[in-house]
Student: 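Sharing a structure, written as C-alpha cells. Questions coming.
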Amino acid sequence: QKEVEQDPGPLSVPEGAIVSLNCTYSNSAFQYFMWYRQYSRKGPELLMYTYSSGNKEDGRFTAQVDKSSKYISLFIRDSQPSDSATYLCAMSAYNNNDMRFGAGTRLTVKP
Amino acid sequence: SQTIHQWPATLVQPVGSPLSLECTVEGTSNPNLYWYRQAAGRGLQLLFYSVGIGQISSEVPQNLSASRPQDRQFILSSKKLLLSDSGFYLCAWSDPRGRAYNEQFFGPGTRLTVL
C-alpha cells in the first residue's frame, strides 16, 4: 500500500462547477497537509496547507483534513478554466524533509 | 525576493552517458535543498536533500548522486544514465528557520529523456 493515495484522474468539469479532490494516507504521524498546484511543464506551487484536523478556507479554495479517517480534501468553488492543472496533495510529520506526495490529479475546467 | 533556477530546461541523452543538472537559489541563505523526480502518474519522489554544504541525504538507492559545493547550489549527477532515469526533475528549497511546515519552493524543472 502506498503511503499516500490520490486518484490521478483525469477529471473534467464545466466552468462554475464545484470540484472535490481527495487523498488518503496510511501514516498516522503525518501532521502537516498541503495541496500544490502544478501547471503543465512547470514546478508545483503551494496552494493550501492545514495543520492537523480541520478546515481552512482561502477564497474559492477549502482544504479539509480528517485525521481519524486519514483523509484530506480540497474543494474548489466556482471553478475557472485557469484552475486547469494537476493538483498534488502532500503531507509530512514534523520534519519537513520527509514530505510525501500523492500522484496528482489532473483537472480540466471547460469554458 | 527568492528565486530558484534550474538548467537545462530539457535534455535528451543516450543511455550510458553522464548527467549533470544544476540548481541555484537566490535571495536566501542556508536553505534546505531537495531533488525530486516526477514520473507520469506517480507523483514526486524525493531523491536527495541537503541541510548544508557537503551534507547530502539519499532517500532512494540508485545510480544518481547529488552534491552541494556551495550554499545555494545543488547538483544532480550520474555517471551512466539508464532508460529508467527519464522523467521530470525538480529542485526545491525551504527555509529551515521558517514556519513549522517549512513550505518548499520548486524550480521550473528539467525534463530528461534517456534514449
Side-chain angles (χ1 to χ4, degrees), chain A residues 1-11 21-25 27 29-52 54 56 58 63 65 72 85-107, chain B residues 2-11 21 23 25 31-52 55-60 66 74 87-113:
Chain A
Q1 181 188 11
K2 291 182 181 177
E3 235 177 340
V4 180
E5 298 272 6
Q6 182 178 10
D7 185 345
L11 181 63
L21 305 168
N22 312 293
C23 288
T24 59
Y25 62 95
N27 189 345
F30 289 146
Q31 298 184 72
Y32 299 92
F33 304 91
M34 288 142 281
W35 286 95
Y36 281 81
R37 178 174 61 194
Q38 184 177 22
Y39 291 112
S40 182
R41 298 185 177 273
K42 302 291 185 182
E45 56 180 347
L46 183 68
L47 194 59
M48 300 277 291
Y49 102 95
T50 308
Y51 171 70
S52 192
K56 186 170 184 177
D58 184 2
V65 174
I72 70 170
T86 296
Y87 290 81
L88 301 109
C89 63
M91 47 200 78
S92 70
Y94 181 79
N95 180 0
N96 187 58
N97 293 328
D98 197 25
M99 193 152 70
R100 303 296 179 184
F101 285 82
T105 300
R106 183 182 297 178
L107 170 68
Chain B
Q2 301 88 1
T3 55
I4 179 169
H5 304 279
Q6 283 186 248
W7 64 89
T10 59
L11 190 60
L21 302 181
C23 170
V25 181
N32 289 344
L33 296 172
Y34 311 84
W35 277 113
Y36 288 90
R37 177 169 55 205
Q38 185 175 31
R42 298 182 66 179
L44 274 66
Q45 179 187 32
L46 180 63
L47 302 175
F48 301 94
Y49 69 89
S50 172
V51 299
Q55 301 178 63
I56 309 294
S57 296
S58 175
E59 289 292 303
V60 181
F74 206 22
F88 192 46
Y89 287 82
L90 289 157
C91 181
W93 73 274
S94 69
D95 182 352
R97 299 149 296 192
R99 290 172 286 186
Y101 66 93
N102 281 344
E103 176 181 358
Q104 292 188 13
F105 300 89
F106 287 85
T110 294
R111 186 161 300 280
L112 171 66
T113 303

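Letters A, B, ... are given to chains in the order of the sequence lines, protein chains preceding strands, and every chain is numbered from 1.
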Student: Enter the distance from B/Phe105:CZ to A/Leu46:CG here, rounded to the nearest 0.5 Å.
Tutor: 7.5 Å

Student: Might you point out which heavy atoms bring A/Tyr36 and B/Gln104 nearest each other, and give the distance in Å?
Tutor: OH-O, 3.3 Å

Student: Please determine whether the number of non-hydrogen atoms from other residues, nucleotides or ligands lying under 6.0 Å from atom CZ of B/Arg111 exceeds 12.
Tutor: yes

Student: What distance do A/Arg41 atom CZ and B/Phe88 atom CZ have between them, rounded to the nearest 0.5 Å?
Tutor: 8.0 Å

Student: Using a cut-off of under 4.5 Å on heavy-atom pairs, state which of A/Gln38, A/Gln6, A/Gln31 scores highest against chain B.
Tutor: A/Gln38

Student: Work out which heavy atom in A/Pro44 is nearest to a heavy atom in B/Leu44; give both atom names and the distance.
Tutor: CG-CD2, 4.3 Å

Student: Does a side-chain heavy-atom distance below 4.5 Å link B/Gln38 with A/Leu88?
Tutor: yes

Student: Which atoms of A/Arg100 come close to chain B, meaning under 4.5 Å heavy atom to heavy atom: side chain ones, backbone ones, both, or neither?
Tutor: side chain

